[in-house]
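Notes follow the structure.
Note that this is a predicted model, so its numbers are computed, not measured. A note on names: the letters A, B, ... follow the listed sequences, proteins ahead of strands, and every chain is numbered from 1.
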Amino acid sequence: MATPVLDKVEAESAASPYITVTFRIRRFNPEVSAEAAWQDFTLEIDPKERVLDGLHKIKWDVDGTLTFRRSCAHGICGSDAMRINGKNRLACKTLIKDINPEKPITVEPIKGLTVLKDLVVDMEPFFQAYRDVMPFLITKDTNEPTRERFQTAEDRERFDDTTKCILCAACTSSCPVFWNDGQYFGPAAIVNAHRFIFDSRDEAGEQRLEILNDKDGVWRCRTTFNCTDACPRGIEVTKAIQEVKRALITRRF
Amino acid sequence: MATTETTAAGIGPVEGGSVYDVDNPAPLIEAPRQRTKKTPRSTRGNFEMGAWLFMRLSGVVLVVLVLGHLLIQLVLDGGVSKIGFAFVAGRWASPFWQVWDLLMLWLAMLHGTNGLRTVINDYAERANTRLWLKGLLYTAAVFTILLGTLVIFTFDPNIR
Ligand code: HEM
Ligand code: SF4
Ligand code: FES
């Protein structure tokens with residue numbers, strides 16, 4: 001009985017898809033040291049797995065103190081945006097094979113927000129900016145959902161792109177203007193304002209435009225396109241920001 | 001247990017003890033975007049929009065003014081070697097070139113100043129640094145614009 005099992009194990013290991021990958025992770029624990037430091041972990045992992053699977057392997061089998069956020073693990077909840085090989089991505093949507101596993105894979109927290117521990121940052125300033133643009137339907141006469149609010153397919157299409165946002169903060173934390181003092185509203189807040197400004201059913205577009213006409217509103221955007229590159233949902237973030245700028249200008253002139 | 005030097009978390013005792021206690025708490029550092037009493041109610045207004053539009057509109061005009069200027073001064077008709085007192089005097093005798101240079105002076109200075117204001121906003125982190133850099137910037141801009149305007153209007157070709 002024992003022999004065939006052994007044979008099978010050997011045959012499997014000969015055709016192992018596993019490769020050796022180094023994860024270079026930015027560790028920070030304020031209870032131990034005020035300094036953040038890089039730590040290397042070497043793993044055997046299938047290159048078709050994702051960076052998140054690598055982090056799980058480390059947390060579950062090697063070092064339980066590694067701290068990061070994740071929830072859905074399928075690119076929907078937006079909790080695991082991190083800076084992987086210098087670019088903001090979702091760990092759960094990044095395959096090892098797609099980011100050159102020959103070199104160490106660097107994993108850092110997203111920039112511009114206070115790091116609490118390891119890869120976990122304080123998202124409060126990000127969500128404050130989000131709340132500031134009133135990301136909910138506002139109607140003049142009644143907010144009671146007494147009847148369906150009809151909308152043509154074209155009207156729905158107008159803001160379709162910006163409905164896809166999962167509030168992962170990859171865009172806002174990739175923006176050099178946000179990095180400086182964190183006062184800029186940031187691309188994500190503007191994307192979510194765009195979602196309602198261009199919704200034919202909503203009637204508070206004017207108010208939202210006024211909010212984004214702030215000193216730290218849309219005019220701080222320098223069109224670097226970092227946000228568009230970073231968005232894991234493929235939203236044309238920079239385009240949305242320019243559309244808000246244009247709406248602000250055309251409603252005046 | 002009271003004699004242990006370090007806590008489990010690895011924090012050693014602070015030399016000289018903490019200057020802060022319950023009655024004298026450490027100063028609170030507000031998080032970005034936090035609403036406090038000192039936060040201005042609203043910084044909305046059309047100034048930033050105006051500045052943004054001005055950068056683009058003045059840029060378009062500057063393409064003509066600056067490139068034309070460089071072409072005339074440095075390329076055409078013998079290049080840079082032709083420039084002298086007589087050349088400048090000859091050009092400023094015409095109101096056309098006076099207006100051209102005046103417009104270029106004002107637009108380039110305001111455009112450049114506003115551009116640097118953006119750069120300062122993007123790179124200076126402390127409020128004080130910003131204040132000083134902008135103070136220096138605005139002083140230099142006002143000085144250059146006034147001096148340039150004065151020269152264009154009071155230029156005397158017969159000066160000895
Ligand atoms: C020749 C035609 C010019 C065009 C079309 C032009 C256009 C522009 C535009 C559109 C911006 C805004 C960029 C942004 O908001 O991200 C800008 C920025 C700037 N411009 Fe000009 N400009 C011109 C000439 C000049 C001149 C002559 C000066 C110097 C006096 C100047 C100095 C600046 C500076 C310092 C900035 C800020 C830098 C930055 O935003 O990265 N420009 N320019
Ligand atoms: S716009 Fe894209 S990158 Fe920005 S928060 Fe939304 S999903 Fe994330
Ligand atoms: S874990 Fe939910 S988006 Fe990655």
Side-chain angles (χ1 to χ4, degrees), chain A residues 29-34 65 112-114 116-117 121-133 172-173 175-186 189 207-224 241-242 244-253, chain B residues 4-15 18 26 28-36 38-60 111-134:
Chain A
N29 183 348
E31 290 175 358
V32 171
S33 164
T65 66
L113 294 159
T114 311
L116 300 178
K117 188 179 178 189
V121 299
D122 178 9
M123 298 281 279
E124 188 47 33
F126 173 81
F127 285 120
Q128 181 64 56
Y130 174 59
R131 287 193 293 267
D132 282 351
V133 301
T172 295
S173 64
C175 175
V177 177
F178 183 77
W179 290 339
N180 182 22
D181 58 5
Q183 297 298 319
Y184 173 41
F185 268 84
Q207 264 170 282
R208 293 195 186 84
L209 285 174
E210 200 47 50
I211 289 166
L212 291 175
N213 201 17
D214 187 277
K215 173 165 84 60
D216 293 303
V218 283
W219 307 112
R220 284 205 79 178
C221 166
R222 306 290 299 286
T223 336
T224 61
I241 299 174
Q242 307 319 308
V244 173
K245 283 182 188 167
R246 183 188 296 159
L248 264 165
I249 291 171
T250 49
R251 88 189 164 133
R252 289 252 146 72
F253 302 111
Chain B
T4 30
E5 282 290 277
T6 48
T7 61
I11 307 170
V14 179
E15 210 173 299
S18 172
L28 181 75
I29 300 170
E30 292 293 350
R33 297 207 69 76
Q34 196 77 28
R35 298 301 185 273
T36 68
K38 275 186 281 171
T39 313
R41 174 119 330 148
S42 163
T43 49
R44 291 169 212 161
N46 293 328
F47 178 76
E48 292 298 331
M49 178 171 75
W52 188 90
L53 267 175
F54 173 75
M55 285 312 266
R56 276 129 252 269
L57 297 177
S58 62
V60 172
H111 178 101
T113 304
N114 190 46
L116 284 180
R117 183 185 69 96
T118 321
V119 173
I120 292 170
N121 279 340
D122 281 358
Y123 284 94
E125 284 176 23
R126 288 185 300 140
N128 247 336
T129 321
R130 281 186 183 182
L131 189 76
W132 280 104
L133 286 177
K134 283 187 198 170

From [X] [atom1] over to [Y] [atom2], what is the distance, rounded to the nearest 0.5 angstrom?
X	Y	atom1	atom2	value
B:Leu53	A:Trp219	CG	CH2	6.0 Å
B:Met49	A:Asp214	CE	CG	13.5 Å
B:Asn121	A:Lys215	CG	NZ	7.0 Å

Minimum heavy-atom distance between A:Ile249 and B:Trp52, given as atom pair plus value: CD1-CZ3, 3.5 Å
Heavy-atom count around A:Arg246 CZ within 6.0 Å, excluding the residue itself: above 12?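 Atom CZ in A:Arg246 is not packed in, count stays at 12 or less.
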When you look at CZ of B:Phe54, are more than 12 heavy atoms from neighbouring residues, nucleotides or ligands closer to it than 6.0 Å? yes
Choice from A:Leu113, A:Asn180, A:Val218 maximising heavy atom contacts with chain B below 4.5 Å: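 That would be A:Asn180.
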Any ion pair linking A:Asp181 and B:Arg126 (charged N to carboxylate O, less than 4.0 Å)?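 A:Asp181 and B:Arg126: not salt-bridged.
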With a 4.5 Å heavy-atom cut-off (strictly below), which parts of residues 112-119 of chain B touch chain A? List them by number.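 From residues 112-119 of chain B, the residues near chain A are B:Thr118.
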Give, as side chain, backbone, both or neither, the part of B:Ala124 having an atom under 4.5 angstrom from any heavy atom of chain A.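 Contact with chain A is through the backbone of B:Ala124 alone.
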